[in-house]
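All remarks here apply to the structure that follows.
Residue numbers start from 1 in every chain, and the chains themselves are labelled A, B, ... in the order their sequence lines are given, proteins ahead of strands. Side chains included, hydrogens not; waters and symmetry mates left out as well; all remaining heavy atoms used.
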Amino acid sequence: MHFSMWLAHTTLIRWLNDSVVISTFVEVLHYFSMFLLVGSIVLVDLRLIGVAAKRRNATELANDLFPIMWVGLALNFLSGFILYAGGAPDYYGNHWFYLKLAVILAAVIFGIMVQANVKNWDRPAGIPVGAKLLAFVSLALWIVSIWAAVEVPALTGVG
Amino acid sequence: MYHLLYSFCEWLQNTGWALNISGSTWSYPYVQAIHFTGLSLWVGTNIAVDLHLLGIGPKRLTSAELNNALFAWNWTGLAIAVTGGFMLFSTAATSFIVNPAFQMKLGLLVPLGIILHIVVQQKTKTWGQAKDTPGVAKFMGGLELLWWFAVATAAASIPYFEHG
């Protein structure tokens, strides 16, 4: 609690959150980077499941999309941290916010697992069933992340 | 014309299913999540091709190949986003329709953005054949990227124009 009070009152965080123009920009950046992050990883997942870009090599598609996922994640984390910091004491003890972060962490871990293994799964015999299952869990975790994220303001009035 | 539109909005937000969404703490976020999931597919795949045209990032595929690989889920994303968006709109149609940020978003930026996207998507078939894209492709890719950022900005500005 002490830390969140301090954080919310630092000069940089107040400057980024108190102006309507800057805070709206940060908010838009948060949405936009989320679209890049989720859009890119979900397309790789859909390719592995076997319902997208079937004529394209999964490894090649994944290699072109993964950098977008990482840039999206970095910008999403940065803008999300600024938004969080602006109202840090309100998020303290907010269980829906903690749930959102936990689901995102799980989704990122599954994303890394997918990225690390695409090369091995991409065989002439087809994508192994276990890989399809993992891709499905990754996809589902991102949808749950989005849902958990919109539940935070809806149920707790914060954000 | 405006009167007709307003009457339609009034009718829409009083339909049973619109009242169901707006009246429940639980269902509204589900509908928001549908809108954002669709947008992630639509905007995410749009920007992936735009960045590719701009020459930013790795290119295992040509832009034409990537464009083609993402095509089906690109439009599926828009369909999901429009479905969720219409449901959100129906919960408070009369206040959305008079909101300047919403008017800007749905009346101008989104229709022009979709036309711009169709042009870029069609042209990418020729622009994106070689790994190195022509100047016009880079310009149009950059323009589309900025365009959807502007759409998101108009959307995020809607609450600032709410009154009554």
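- Among Pro153(A), Gly72(A), Ala148(A), Ala52(A), the residue with the largest count of heavy-atom pairs under 4.5 Å with chain B is Ala52(A).
- Using a 4.5 Å cut-off between heavy atoms, Ser33(A) makes no contact with chain B at all.
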Give the C-alpha distance, both sets of side-chain angles, the deciding distance and a yes or no for ring pair (Phe, Tyr, Trp, His ring centres under 6.0 Å) between Phe25(A) and Phe149(B).
CA-CA 10 Å; Phe25(A) 176 78; Phe149(B) 200 85; 5.7 Å; yes

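- Contact of Arg47(A) with chain B is not made at all, since no heavy-atom distance falls under 4.5 Å.
- The residue among Asp64(A), Leu37(A), Leu36(A) with the most heavy atom pairs within less than 4.5 Å of chain B is Asp64(A).
- Classified by interplanar angle (parallel below 30°, tilted 30° to 60°, perpendicular above 60°), the ring pair Phe86(B)/Phe89(B) is tilted.
- Ring orientation note: the planes of Trp147(A) and Trp96(A) are nearly perpendicular, at an angle over 60° on the 30°/60° scale.
- Interface remark: Asn68(B) contributes side-chain atoms only to the contact with chain A (heavy atom separation under 4.5 Å).
- Side chains of Thr94(B) and Gln13(B): a donor on one and an acceptor on the other come within 3.5 Å.
- Of all the listed residues (Phe71(B), Trp42(B), Trp73(B)), the one sharing the greatest number of non-hydrogen pairs under 4.5 Å with chain A is Trp73(B).
- With a threshold of 4.5 angstrom between heavy atoms, Tyr28(B) does not approach chain A through any atom at all.
- Contact count against chain A (heavy-atom pairs under 4.5 Å) is highest for Leu61(B) among Leu61(B), Asn46(B), Ile56(B), Thr37(B).
- Pairing each heavy atom of Glu144(B) with each of His117(B), the nearest pair is OE2-ND1, 2.7 Å.
- For chain B, the nearby parts of Val51(A) are the backbone and the side chain; heavy atoms of each come within less than 4.5 Å.
- Looking at Thr45(B), the atoms closer than 4.5 Å to chain A (heavy atoms on both sides) all sit in the side chain, from C-beta outward.
- Leu51(B) touches chain A through its side chain: at least one heavy atom from C-beta onward sits under 4.5 Å away, while N, CA, C and O do not.
- The contact between Glu27(A) and chain B is made entirely by side chain atoms (from C-beta outward), counting heavy-atom distances below 4.5 Å.
- If you tally non-hydrogen atom pairs under 4.5 Å between each of Leu43(A), Asn57(A), Leu155(A), Ile143(A) and chain B, the highest count goes to Leu43(A).
- With values rounded to the nearest 0.5 angstrom, Phe8(B) atom CZ is found 14.5 Å from His3(B) atom NE2.
- Contact of the Gln121(B) side chain with the Asn74(B) side chain is registered, since non-hydrogen atoms from C-beta on lie closer than 4.5 Å.
- The closest donor-acceptor contact from the side chain of Ser138(A) to the backbone of Phe110(A) lies at 3.5 Å or more, if one exists at all.
- In terms of heavy-atom pairs under 4.5 angstrom with chain A, the leader among Ala156(B), Gly57(B), Pro58(B) is Pro58(B).
- With a 4.5 angstrom heavy-atom cutoff, Ala72(B) does not touch chain A via any of its atoms.
- Leu65(A) touches chain B through its side chain: at least one heavy atom from C-beta onward sits under 4.5 Å away, while N, CA, C and O do not.
- Using a 30° and 60° split on the angle between ring planes, His95(A) and Tyr98(A) fall in the perpendicular class, above 60°.
- Around the OH atom of Tyr31(A), the shell of radius 6.0 Å holds no more than 12 heavy atoms that belong to other residues, nucleotides or ligands.
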